[in-house]
Each structure stands twice: as structure tokens, then as C-alpha cells.
Amino acid sequence: MHCILMKVYTNQGIVGFGEVRDIGSKKYALQLKSILLGENPCNVDKIFRRIKQFGGPARQGGGVCAVEVALWDILGKVTGQPVYRLLGGKFRDNVRMYCDTDIETEGRNTGYAMGQALKARMEKGFTFLKMDLGIDILREYEGTLSAPLGFVEEGQRLHDKLAEARKSCDVNQIRFWKNRLYDYDNIPHPLTGINVTEKGFDVLENYVREVRETVGYEVPIAIDHFGHIGLKNCIKLCRRIEKYNIAWAEDLIPWQYTDQYKILRASTTVPIATGEDIYLKEGFLPLLREGGVDIIHPDILTAGGILETKKISDLAADYGVSMAMHMAESPIACMAAVHTAAACENFLALEYHSVDVPVWNDIYTGQLPHPLVQDGFIKVPDLPGLGIEGLDDEVLAKLVHPEVPGMWEPTDLFNDDPCHDRIWS
């Protein structure tokens, strides 16, 4: 996944580091530059209230959040304080990390294979785990999925066509198949017509049973990536796996369906989580107010940045809801999330998506530990700002994404914009 890294310069030589959410677009950040020029970067909340109108759910929030994170980094460096202290202090010295776990197997993907992969995480010191459990597993078993004939297979066909187009470097074909795949992947879960059969539920339940037989019942295991299935299928699946002590079931349906989340949570004892694509505390309020979630799961690069995520955490705590945090980005976003997690009372665990990518720890320079995650935790640093003193350009140059070329590109074209951006008259 590509991540857009950003520097915000001040006229006093202080540089703040920010980041656009994973697989996001730099244009979401670039459009904000003309608003920032001439402002005092230490007025973080004032600037955020000006720019938040240009953000939105999922990756659309990336530009606003990148700027907000960079401003907190600047403020910390100006004052010589770590960001968590500027938020009111910390509730913990170490932030618990949980790691998503993917496996590649020869033959069928089994729960025993996943269990072994999870045990390897535990041997590295991780005390909280996550795995995928969804209809992708069922593609290997006949009679486990019901859908309009050919519809499930169409998704794989579109992926194959796009891969072929990329190999041929035919720009028009890439655009065509990319758009066709977008159309297919963006059908909301309740509208796909995909249903899991009883045989399919048997396979998925057995998968979880095999995992638990391998790792035991003590370690928390969260579950994600169920696939685009509707509410009734989600209820059936959750009821099947209740006995296996699931930490949470994540993003079963799109976060916008508040009424369906309320029904889902009332229909199972598996804790229900969502939130990585929700923007601002106003976006979380309906789910909290209607009792649709047990756990919120914001991504700091979508939710609104550091202070907004702190506000979301406090809002959730008022409803008796805990907070885990999504994070699939670089050490910049990771450290922004660490400082925020340290300052939030109801925090559970922070995602770590790069445990199998050693070069991830070579991106940053300075006094932070290398590797950053040690024995499943990140120590909250007392260094100014985010704690990242610099970025290693030689390492970054080797990691430039082929479809997102360029490194520390000039942004002068975005210095001025005469737009009147007030959203009311």
C-alpha cells in the first residue's frame, strides 16, 4: 500500500511531519496549502476548524488529517514537549500493538495454518491478535456461497483483467478495468445478493475452532474482512463464532448503516467494531447514540487527526464504549496514533500492519527505538512533537511507489487559490 508523506515548513526552520492515509491521494493535502500560508502553525485547532470542511470519510479525510498531524508535530517541537503532554498527559507509558496476520498457503487456507501464524506473532511478544475470516476462504469450497450465478466469479475476472492491463502498460486498458473493478467492489454489502450457505457457515466456524485449538483461548483475537455479505448473514456468522471468545468483529457492514448496526449488536454477544472510515466525531455520534457498537476503531488519518481522535475517544467513553485504533501507514502516522492512544483513557490496542516489513523501521531517524515495536508495545517517547527527528531519504528513494512517482516534490502551484470557501452565507 502506498502512503503519501508530507513536510510542513515554517519560516523559523521547524518542520512538521504529516501523512495522508494509506492508499490515499496527495491532492487531498495539496488543496489545503493556500489556506495554511501566512498562518501561525501553533494555532492548531483554529486551522483545523478552517480546513475540516475539505475532508470526508475514508481516504477523503487524508489531507486534512495530514496537515493536522504535522501542525501538532510543529507545536511540540516549538514548545519542546511531546504531543501527548499537549493533549493533557498520558494514561499509559506503553501502547499495546495488535498485528493483522495474513498467510499464504499451498493448498487450502486452514484454521490450523492461521493458528500457527498467530502463534508466531505471540512469540514476538504480541498480546493482541487479528485475523481475517470471510468469504474469500469459501471460494475453495463448493456449495458454500449462494449468489446470482457468475457474480462471485466476476470479481476475480476483473482483478485478472486489471493485472493483465498493468503488465501490458496500456494506460487506456488500465483505466477501463480499474473503473470496472471499482464499480464491482463498491456495491454495498446489503445489495450484493451474496449469501453464505449452512455448509459455508460450517467451514467458517470450523476455521475459528482450529485457530483456537492452536493458540488457546486466553489471547484476544479480533476478526476482519468478512466480505460483502448482508446483515442476516453477519448475524448468523457471529452467532456461530460466539463460543470462541472473539475480541471484536470489525466492519461487518458499511459504517453508514446505523440502524443495521443497532440490530447486529443486539443479535450477538460478539463485540461489534467499526470506524476506520468515519470522519469527525459527528460521524461517530449516531452509532454511539443508537448503541450500534461495542468498540470504535478510528484511523487517525481519517477521523480528523490527533485532537479530533482524542475528542472521539472521550465521546465514546461517555457511552461506555472502548477504542481500538486502525493504522496501516508509516512511522509518522504510527507515532501520531501512539501519542493519541497514550492520552485516551478508553484505549485498547493500536494496529501494526508492517510487522513483516523490516524496512519500515529504517524510514525514520533519531532517538526513537529501532525497531519501534518491541515485545508487542511501543514506549511512549518524551521527545518533542511526534518524536521523529528526521526521515532517511536514501531509504525512501528505494520505496517510491511506481504509480505515485516523485519525492518531496515542489508545491508552488498550490500557493494561491482565490476561492471563497465559506460554507454558509
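Predicted, not measured: the structure shown is a model, and the values here were computed from it.
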Could you measure the distance from the [atom1] atom of [X] to the [atom2] atom of [Y]? Nearest 0.5 Å is fine.
X	Y	atom1	atom2	result
Glu308	Asp45	CD	CG	8.5 Å
Ile312	Ile278	CD1	CD1	8.5 Å
Arg265	Cys238	CZ	SG	12.5 Å
Asp224	Thr101	CG	OG1	11.5 Å
Leu75	Ile306	CG	CD1	10.0 Å
Asp393	Ile363	CG	CD1	11.5 Å

Quick one: does [X]'s side chain have a donor or acceptor within less than 3.5 Å of a partner on [Y]'s backbone?
X	Y	answer
Asn245	Tyr217	yes
Arg121	Asp100	yes
Asn361	His370	no
Gln81	Pro384	no
Asp170	Ala165	no
Arg92	Cys344	yes
Thr269	Glu242	no
Tyr9	Gly16	no
Asn109	Glu104	no
Arg239	Ser267	yes

Charged N to carboxylate O below 4.0 Å: is that the case for [X] and [Y]?
X	Y	value
Arg212	Glu218	no
Lys33	Asp416	no
Lys379	Asp93	no
Asp259	Lys262	no
Asp375	Lys124	no
Glu409	Lys26	yes
Glu403	Arg166	yes

So do the side chains of [X] and [Y] get within less than 4.5 Å of each other, counting heavy atoms only?
X	Y	answer
Ile23	His2	yes
Val95	Phe377	no
Tyr261	Thr274	yes
Ile296	Leu288	yes
His225	Asp251	no
Asp183	Asn186	no
Trp72	Leu87	yes
Leu368	Leu383	yes

Is it possible for you to check whether Arg180 lies under 6.0 Å from the centre of the six-membered ring of Phe176, through NZ or CZ, and within 45° of that ring's axis?
yes
Is it true that the NZ or CZ of Arg175 lies under 6.0 Å from the centre of Trp177's six-membered ring and within 45 degrees of the ring axis?
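Output no; distance or angle outside limits.
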For residues [X] and [Y], report the shortest heavy-atom separation together with the two atoms involved.
X	Y	value
Thr214	Glu210	OG1-O, 2.8 Å
Pro381	Val338	CD-CG1, 4.5 Å
His228	Asp185	CE1-O, 3.0 Å

Begin from the C-alpha positions of Val8 and Val15 and carry the test side chain to side chain contact (heavy atoms under 4.5 Å, CB included) through to its verdict.
CA-CA 6 Å; Val8 173; Val15 179; over 6 Å; no
So Tyr84 and Phe91, ring-ring contact (aromatic ring centres under 6.0 Å, His included) or not? Walk me through it.
CA-CA 10 Å; Tyr84 79 79; Phe91 287 92; over 10 Å; no
If you draw a 6.0 Å radius around [atom1] in [X], do more than 12 non-hydrogen atoms from other residues or ligands fall strictly inside?
X	atom1	answer
Lys90	NZ	yes
Lys243	NZ	yes
Lys232	NZ	no
Arg49	CZ	no

Check the pair Glu68, Lys52 against salt bridge (charged side-chain N to carboxylate O under 4.0 Å, His left out), reporting the backbone distance first and the verdict last.
CA-CA 9 Å; Glu68 201 266 5; Lys52 70 178 183 179; over 6 Å; no
Do [X] and [Y] make the cut of ring centroids closer than 6.0 angstrom?
X	Y	value
Phe284	Tyr279	no
Trp248	His297	yes
Trp360	Tyr352	yes
Phe226	His189	no

Examine the side chains of [X] and [Y] and answer whether a donor and an acceptor come within less than 3.5 Å of each other.
X	Y	answer
Asn346	Ser322	no
Thr258	Glu290	no
Arg59	Ser25	no

Evaluate the salt bridge (charged side-chain N to carboxylate O under 4.0 Å, His left out) criterion for residues Asp314 and Lys281: first the C-alpha distance (whole Å), next the side-chain angles of each, then the deciding distance (0.1 Å), finally the verdict.
CA-CA 10 Å; Asp314 291 340; Lys281 64 182 185 297; over 6 Å; no
With a cut-off of 3.5 Å and sequence neighbours excluded, list every side-chain donor-acceptor pair involving residues 36-44.
| residue | atom | partner | partner atom | Å |
| --- | --- | --- | --- | --- |
| Glu39 | OE1 | Lys46 | NZ | 3.4 |
| Asn40 | OD1 | Cys42 | N | 2.9 |

Go through the steps to decide whether Arg21 and Glu276 satisfy the test salt bridge (charged side-chain N to carboxylate O under 4.0 Å, His left out), and finish with yes or no.
CA-CA 11 Å; Arg21 171 137 179 222; Glu276 70 179 70; 3.1 Å; yes
Only one of Glu154, Arg157, His159 clears side-chain contact (heavy atoms from CB on, under 4.5 Å) with Leu181; which?
His159
